[in-house]
There are 2 protein chains.
Amino acid sequence: MTRTRIPASAPGVESDVTRVAVSTVIFSLRRDAADCPRLVLPLVRRTRDPYDGLWALPGGWLDIAENLDDAASRTLAETTGLTPSYLEQLYAFGDVARSPTRVVSIVYWALLRADEVDAQVAAHASGGDAPENVAWFDVNDLPTLAFDHNQIVDYALWRLRNKAGYSRVAHGLMADTFTLAELREVYEAILGRRLDPANFRRQVENSGTLVRTDSFRTGNHRPARLYRPHRDVELADRGPLAATSSTHESSTT
Amino acid sequence: MTRTRIPASAPGVESDVTRVAVSTVIFSLRRDAADCPRLVLPLVRRTRDPYDGLWALPGGWLDIAENLDDAASRTLAETTGLTPSYLEQLYAFGDVARSPTRVVSIVYWALLRADEVDAQVAAHASGGDAPENVAWFDVNDLPTLAFDHNQIVDYALWRLRNKAGYSRVAHGLMADTFTLAELREVYEAILGRRLDPANFRRQVENSGTLVRTDSFRTGNHRPARLYRPHRDVELADRGPLAATSSTHESSTT
DNA sequence: CCAAAAGTGTTATCCCTACACCCATGG
DNA sequence: CCATGGGTGTAGGGATAACACTTTTGG
């Protein structure tokens with residue numbers, strides 16, 4: 001699998017042409033020293049001008065025969081080797097001044113299941129795909145990024161937090177089964193505030209998005225019931241490709 | 001002011017290049033025979049292949065030295081001669097199969113004040129900017145459009161309806177002053193259902209987005225107080241260019 | 001006076017929040 | 001048995017929806 005990034009000059013670059021790139025803000029979770037889940041995202045270190053040496057969002061040039069979504073998936077696969085559990089277009093950034101040459105970046109954002117990322121990080125460390133140029137950063141502790149990528153990450157974070165408030169996107173970060181406390185921790189990591197365990201339980205139970213299993217997670221205290229996502233429950237609201245329908249309410253809990 | 005559209009072939013077109021176009025879904029209001037406001041949008045008749053003769057969204061090619069927002073504004077001005085009261089990026093459409101040549105369309109959606117459109121329609125009829133190729137259509141009675149433009153309009157409509165539910169975008173369709181009944185009619189036209197006048201009044205009064213004036217609209221019955229939009233009230237939630245902040249709630253009434 | 005729209009009041013219901021409280025397990 | 005997290009119950013507040021009711025105009 002070859003690496004593609006956003007170089008300033010591709011072979012045969014023409015400075016009088018507007019080129020289209022695709023980048024992706026990939027969110028996942030990693031537990032910190034205190035075993036508390038933190039939002040993290042992978043960045044790629046640039047090896048060319050402009051911004052040589054700075055960290056940037058994973059991305060690449062849009063191929064002439066490639067759909068936008070496919071380009072985002074490819075980007076994501078080349079960076080992490082994984083399939084996202086959620087992928088959505090974020091915004092098209094195209095200011096003239098955002099790059100020395102004219103580049104319109106179609107930016108996506110994605111969620112990766114935490115358990116799969118752990119496996120991937122191990123695989124990357126052993127595999128030979130130049131892992132030294134990819135690193136995962138805590139979203140609350142980002143360096144200065146290349147181009148307008150700090151701004152882009154801010155916007156993606158806003159979208160994630162906003163969407164977590166009225167849809168079930170956050171489930172895309174979970175493994176197959178999980179306890180309600182684990183799910184609540186994830187929401188707390190995303191929203192950046194504590195949630196009442198009792199009320200959180202009732203909300204997700206009444207939402208119909210989870211089904212109880214007969215298994216329990218045993219630990220230091222009373223065992224907690226495991227849940228799994230309900231099939232047939234979309235993670236988010238309709239996209240531009242959905243059929244005509246009368247569902248025009250995304251702000252429902 | 002010159003007209004720019006989305007021709008299949010621009011001068012010097014190369015079929016091995018991905019080109020970037022900008023189109024805009026422009027919503028406004030027009031009163032029907034029963035004096036009831038209807039959502040309408042302007043379309044442009046194509047005069048080239050592909051889809052020669054079909055109606056399409058107003059748009060044009062992105063200039064190498066032009067920001068995306070500016071291109072959308074230019075498109076809008078060329079079509080209607082007006083400045084939008086609201087303009088927001090909708091989505092980037094870039095499927096390989098959506099056009100014979102590879103075109104990525106950055107699509108915007110906009111709102112135009114109803115009173116200004118009336119003036120513009122008159123001006124267009126007298127002015128010489130080929131008005132016969134621009135026509136306004138009721139959004140509920142659209143013909144088959146060129147490319148994937150029907151799908152795009154559907155998505156823009158969904159976004160407008162959704163956003164009208166939790167923000168004050170709809171105010172962008174109103175004149176300087178208006179009665180609460182007029183504002184309610186607009187919401188009814190957008191949402192496609194009747195609203196309780198009493199509850200609607202309380203909602204917008206408590207929202208703090210309107211200020212009472214001392215004027216009244218006199219008609220066949222009891223005069224209705226005129227309101228005007230409050231300064232310092234954004235029409236919608238934050239966009240990607242907003243500064244870092246902790247406001248991550250767009251679903252507030 | 002009457003019709004109809006402008007505007008006010010009242011109540012039931014739902015959802016969210018806060019918080020008290022019981023349950024089950026490992027140590 | 002006790003500390004701790006899992007899980008349930010409940011009362012108050014705010015927003016909404018339904019609808020009765022009063023006010024003010026033109027005809």
Side-chain angles (χ1 to χ4, degrees), chain A residues 31 34-37 161-162 164-168 170 174 177-189 191-228 248-253, chain B residues 31 34-37 162 164-168 174 177-189 191-228 248-253:
Chain A
R31 293 187 174 271
D35 203 48
C36 184
R161 292 188 169 125
N162 193 38
Y166 65 81
S167 79
R168 296 296 145 219
M174 308 305 292
T177 62
F178 44 86
T179 69
L180 293 185
E182 288 163 356
L183 183 62
R184 178 170 47 81
E185 279 183 317
V186 170
Y187 273 91
E188 289 175 344
L191 300 175
R193 60 186 166 91
R194 311 289 281 175
L195 300 174
D196 184 290
N199 297 328
F200 182 81
R201 162 179 301 274
R202 270 182 293 257
Q203 280 188 8
V204 315
E205 275 180 343
N206 295 339
S207 72
T209 56
L210 294 185
V211 299
R212 297 158 59 118
T213 70
D214 294 329
S215 311
F216 290 82
R217 167 109 57 226
T218 171
N220 281 346
H221 302 289
R222 172 173 173 177
R225 181 179 296 274
L226 289 171
Y227 290 75
R228 63 172 175 78
H248 50 261
E249 204 61 34
S250 73
S251 45
T252 329
T253 307
Chain B
R31 295 188 172 271
D35 202 49
C36 184
N162 194 38
Y166 64 80
S167 78
R168 297 294 145 221
M174 308 305 292
T177 63
F178 45 85
T179 69
L180 293 184
E182 287 163 357
L183 183 63
R184 178 170 46 82
E185 280 183 316
V186 169
Y187 273 90
E188 289 174 345
L191 300 175
R193 62 185 163 90
R194 310 290 280 176
L195 301 174
D196 184 289
N199 297 327
F200 182 81
R201 163 180 300 273
R202 269 182 293 257
Q203 278 188 8
V204 315
E205 275 180 344
N206 295 338
S207 73
T209 56
L210 294 185
V211 300
R212 298 158 59 117
T213 71
D214 293 329
S215 312
F216 290 81
R217 171 141 313 162
T218 171
N220 281 345
H221 302 289
R222 173 174 173 176
R225 182 180 295 275
L226 289 172
Y227 290 75
R228 65 172 174 77
H248 50 261
E249 204 61 35
S250 72
S251 44
T252 329
T253 305

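Note that these values count all heavy atoms, side chains included, but never hydrogens, waters or copies made by symmetry. Numbered from 1 within each chain, the chains take letters A, B, ... in sequence-line order. Worth saying up front: this structure is predicted, and the values here are computed from it rather than measured.
Formation of a donor-acceptor pair under 3.5 Å by the B:S215 side chain with backbone atoms of B:L226 is not found in this model.
Counting only Watson-Crick and G-U wobble pairs whose two key distances fall under 3.5 Å, DNA chain D forms stems of three or more stacked pairs at C:1-27 with D:1-27.
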Checklist entry - Which is it for B:E182 and B:R217 under the side chain to side chain contact (heavy atoms under 4.5 Å, CB included) test, yes or no, and what are the steps along the way? => result CA-CA 11 Å; B:E182 287 163 357; B:R217 171 141 313 162; 2.4 Å; yes
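Taking all atoms of both residues into account, the shortest heavy-atom contact from A:L195 to A:Y187 is CD1-CB, 3.7 Å. Heavy atoms only, all atoms of each residue included: A:R168 and A:T209 are closest at CG-CG2, 3.4 Å. Shown here for B:L180 and B:E205, the closest heavy-atom pair between the two residues is CD1-OE2, 4.4 Å.
One atom, CZ of A:R225, and another, P of C:dC23, lie 17 Å apart when rounded to the nearest Å. Rounded to whole Å, atom C1' of D:dT16 lies 15 Å from atom CG of B:L191. Rounded to an integer number of Å, the gap from CZ of B:R194 to P of D:dT16 is 20 Å. When rounded to the nearest whole Å, the span between CG of B:L195 and P of C:dA6 equals 14 Å. Rounding to whole angstrom units, CG of residue A:N206 and P of C:dT17 are separated by 13 Å. Summarising the geometry, the separation between CD on A:E188 and C1' on D:dG5 is reported as 13 Å, rounded to the nearest angstrom. Put simply, CD on B:Q203 is 16 Å from P on C:dT8, counting in whole angstrom units. In this structure, B:L183 atom CG and C:dG7 atom P are separated by 13 Å, rounded to whole Å.
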Checklist outcome for this item: A correct 5'-to-3' footprint of nucleotides 18-27 of chain D, with B, S and - meaning base, sugar-phosphate only and no protein heavy atom under 4.0 Å, is BB---BBBS-
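Remark: B:Y227 pairs with no residue by the ring-ring contact (aromatic ring centres under 6.0 Å, His included) rule, at least two apart or across chains.
Note: A:T179 OG1 to A:M174 CE = 7.0 Å, rounded to the nearest 0.5 Å. Put simply, CZ on A:R222 and CZ on A:F216 are 8.5 Å apart, with the number rounded to the nearest 0.5 Å.
More than 12 heavy atoms of other shown residues, nucleotides or ligands fall within 6.0 angstrom of atom CZ in A:R31.
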